[in-house]
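The next block holds one structure in the form of structure tokens; read it before the comments.
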Amino acid sequence: MVSPGSAVYSATKYAVRALTEGLRQEVKPYNIRAAIISPGAVQSELPASSTDPEMAKKMEAFYKEYAIPADSFARAVVFAISQPEEVNVNEILFRPTKQQL
């Protein structure tokens with residue numbers, strides 16, 4: 001989701017989506033799979049990375065209320081890579097149950 005103050009962050013996420021889809025198409029002749037896993041709020045260093053003090057404070061409060069443990073993300077990765085060789089999980093979008101956006 002794009003919101004004020006997150007333009008650069010959002011742009012990098014769109015770039016990752018395009019790169020992943022391009023790679024998926026380019027490497028499929030070699031039976032290599034590519035997936036994009038898009039999590040909602042997951043406990044990480046992200047809230048501490050903001051250089052804008054006001055934004056950092058908002059992110060910190062948001063993550064404190066909503067963030068789920070990092071192993072939730074790890075389980076999504078395990079799911080994607082544990083599928084049979086002929087199955088490519090192209091995309092997983094998941095969020096904490098409490099997170100609205």
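- Following chains of ILVMFWY side-chain contacts shorter than 4.5 Å, one can reach Ile92 starting from Val77, so the two form part of one hydrophobic cluster.
- Within the 3.5 Å criterion, the main-chain N or O of Ser3 finds a donor-acceptor partner in the side chain of Ser6.
- Around CD of Glu54, the count of heavy atoms belonging to other residues, nucleotides or ligands within 6.0 Å does not exceed 12.
- Taken to the nearest 0.5 Å, the OG atom of Ser38 stands 5.0 Å off from the CZ atom of Arg17.
- Tyr63 and Tyr66 fall within the same hydrophobic cluster, defined by Ile, Leu, Val, Met, Phe, Trp and Tyr side-chain heavy atoms under 4.5 Å apart, directly or through other members.
- Checking each of Lys57, Lys58, Met59 against Ser50 for a side chain to side chain contact (heavy atoms under 4.5 Å, CB included) leaves exactly one that passes, namely Met59.
- Across all their heavy atoms, Phe94 and Phe73 have their closest contact at CZ-CA, 3.7 Å.
- Proximity of Val2 to Tyr9: side-chain heavy atoms (C-beta onward) are nowhere separated by under 4.5 Å.
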#### Entry: Val16/Thr20 under side-chain contact (heavy atoms from CB on, under 4.5 Å): CA gap, chis, key distance, verdict
CA-CA 6 Å; Val16 169; Thr20 303; 4.0 Å; yes
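- Residue Ile36 holds its CD1 atom at 9.0 Å from CG of Leu19, rounded to the nearest 0.5 Å.
- Gln99 and Ala41 make their closest contact through OE1-N, 2.8 Å (heavy atoms, listed as atom of the first residue, atom of the second, distance).
- Among all heavy-atom pairs drawn from Pro29 and Gln25, the shortest one is CD-O, 4.0 Å.
- The existence of a salt bridge linking Glu85 and Arg33 is excluded, since no basic side-chain nitrogen approaches an acidic carboxylate oxygen closer than 4.0 Å.
- A salt bridge links Arg24 with Glu21; the closest basic N to acidic carboxylate O contact falls under 4.0 Å.
- The shortest distance between side-chain heavy atoms of Gln100 and Arg95 does not fall below 4.5 Å.
- At a threshold of 4.5 Å between side-chain heavy atoms, the hydrophobic network of Ile, Leu, Val, Met, Phe, Trp and Tyr places Ile68 and Ile37 in one connected group.
- Classification of Glu60 and Lys64 as a salt-bridged pair fails, no side-chain N sitting under 4.0 Å from a carboxylate O.
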